[in-house]
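This chain uses plain numbering: 1 for the first residue, then up along the sequence.
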Amino acid sequence: MPALVVPVILCGGSGLRLWPLSTQSCPKPFIAPLGGNGSDTLYQQALRRASGSPFMAPAIVVTDVRHATLAREQAAAVGRDIHLVLEHGARDSCAAALAGVMGAEKKYGRFLAAILAADQHIPDDHAFRETLSQSLTALSGGGLLLFGVRPRGPLGQFGYVVPGAALPQPGIFRVDRFVEKPDALTAAALIAAGALWNSGNFLVDSATLLAAARRHAAPVLDCVLQAVVSASPDGTASRLGSYGAACPAISLDRAIMEKEKDLLVRAVDYFWSDLGTWDEVHAMAGEASNFIHSPDRTTRVVGLEGIIVVVTDDGVLVTRAGQAEALKSAVGASDSLLKVQI
């Protein structure tokens, strides 16, 4: 088994889902949706999780060149060393993950990569690292492993993973199949059958991942290889060359993991949330009725229930709970003043 375990943190986003707190210039990983001044951003939380045993090297952080300063400053603020891999035009998580792994292989040789999303909420760092440590033996001969979260309910906004045959290691199974964002009835049936939420976090042997990419996502791999070969050093960063207009924009899950026959899944019990909508942030905040995020001015909601209000210098959002997809569509359709009707 490769001795080295390196975190590869994917730190991108379009700034749509948690607008106006997240924006294109400051996307979701770089904000602190659950706290005010002094709270760690989601990216900083990810850096803390990815420090200490079993991690044996500074994090590889893959982000857009536009966010290099944010990534450096926020890492320094929590005392973490990082190596940046800077993209010129993101092409979703498959290209980002491959770029991070290929760049690290140039430095370390074959290794185990913990491919981690930078925009999630996992409060128990110790449980996260313990679970990852206990999963290492499953990849002693190489392989790919997904962390699957035990569902809190039949929610339809997540992808589901159906475990198959159990391995000797406790809590680890072969993946039987994926089900993407089912309706509530289907989700309930999946949960009854033992299905897990796809957390978007992986532990992979670097050589196994690149071989799987050659089988399932050769066009992406070829574009990333060219970008890595033409990368230029920039202090503690590597500036990738262009992926090229022909590079497919596709997630790591869909491009490789859902096609891989020997994918493993580890069932995890720690709390996990992707904080993908203001509804989820509202639930995590524990507010009984309305949710108001307005740190710099007094805002009151009177005579209404189930209302979400977010006020920042970039805009004002007023919406009903349950309008996550409408918000994403509205923000994506307009770069100017946004009004979401209640």
Side-chain angles (χ1 to χ4, degrees), residues 5-14 17 27-29 42-43 46 49-50 59-64 85-87 89-105 111-120 122 132 135 139 142-149 157-161 174-175 177-181 196-228 240 243-244 246-266 268 272 274 276:
V5 181
V6 181
V8 177
I9 299 178
L10 309 185
C11 195
S14 57
R17 290 189 178 274
K28 182 181 161 196
L42 297 176
Y43 163 61
R49 281 196 298 277
I60 306 292
V61 176
V62 187
T63 194
D64 192 277
V85 175
L86 300 176
E87 298 178 300
R91 302 300 289 169
D92 216 319
S93 62
C94 184
L98 293 178
V101 170
M102 290 172 68
E105 267 210 338
F111 70 103
L112 288 182
I115 301 176
L116 310 175
D119 62 350
Q120 299 179 349
I122 302 173
L132 195 144
S135 305
L139 300 188
L144 307 172
L145 182 145
L146 160 70
F147 292 97
V149 178
Q157 69 262 39
F158 301 126
Y160 286 70
V161 184
R174 298 199 179 277
V175 170
R177 60 193 172 98
F178 287 82
V179 180
E180 183 65 17
K181 297 183 178 181
L196 307 164
W197 286 341
N198 177 0
S199 74
N201 295 314
F202 303 90
L203 180 66
V204 305
D205 170 68
S206 60
T208 303
L209 177 67
L210 297 179
R214 177 57 63 194
R215 289 193 299 274
H216 305 305
V220 182
L221 182 65
D222 289 340
C223 293
V224 173
L225 178 60
Q226 181 58 40
V228 171
L240 296 175
Y243 292 137
C247 183
I250 187 170
S251 70
L252 179 63
D253 308 62
R254 293 200 171 189
I256 298 176
M257 300 304 178
E258 293 181 10
K259 299 175 182 177
E260 184 60 30
K261 294 185 181 300
D262 294 323
L263 180 65
L264 305 179
V265 60
R266 170 62 192 261
V268 302
W272 169 93
D274 74 339

Close side-chain approach of [X] to [Y], heavy-atom, < 4.5 Å:
X	Y	answer
Leu240	Val85	yes
Arg174	Leu263	no
Leu203	Arg266	no
Glu260	Arg215	yes
Asp253	Phe202	yes
Ile122	Arg49	yes
Leu146	Met257	no
Leu98	Leu209	yes

Straight-line distance of [X] [atom1] to [Y] [atom2], nearest 0.5 Å:
X	Y	atom1	atom2	value
Ile60	Leu10	CD1	CG	11.5 Å
Arg91	Cys247	CZ	SG	6.0 Å
Arg254	Glu180	CZ	CD	4.5 Å
Ile115	Ser93	CD1	OG	9.0 Å

Q.
I'd like to know whether CZ of Arg214 has more than 12 heavy-atom contacts from other residues, nucleotides or ligands below 6.0 angstrom.
A.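 Buried by this count: over 12 neighbours within 6.0 Å.
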Q. Given Gln120 and Asn201, is the side-chain contact (heavy atoms from CB on, under 4.5 Å) satisfied, shown in steps?
A. CA-CA 10 Å; Gln120 299 179 349; Asn201 295 314; 2.8 Å; yes
Q: Heavy atoms only: give me the nearest Ala113-Val101 pair and the separation to one decimal.
A: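 Nearest heavy atoms, Ala113 then Val101: CB-CG2, 4.1 Å.
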Q | Closest heavy-atom pair and its distance - Phe147, Ser199 | A |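 In terms of heavy atoms, the two residues are closest at O-OG, 2.7 Å.
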**Q.** No-hydrogen, no-angle side-chain donor-acceptor test under 3.5 Å, Gln157 and Asp274
**A.**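 No, no side-chain donor-acceptor contact under 3.5 Å.
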Q) Do the rings of Trp197 and Phe158 sit parallel, tilted or perpendicular, given the 30° and 60° boundaries? A)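 Trp197 and Phe158: tilted rings.
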**Q.** Sole candidate of Val265, Val204, Leu264 that passes side chain to side chain contact (heavy atoms under 4.5 Å, CB included) when paired with Leu145
**A.**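 Considering Val265, Val204, Leu264, a side chain to side chain contact (heavy atoms under 4.5 Å, CB included) with Leu145 is found only for Leu264.
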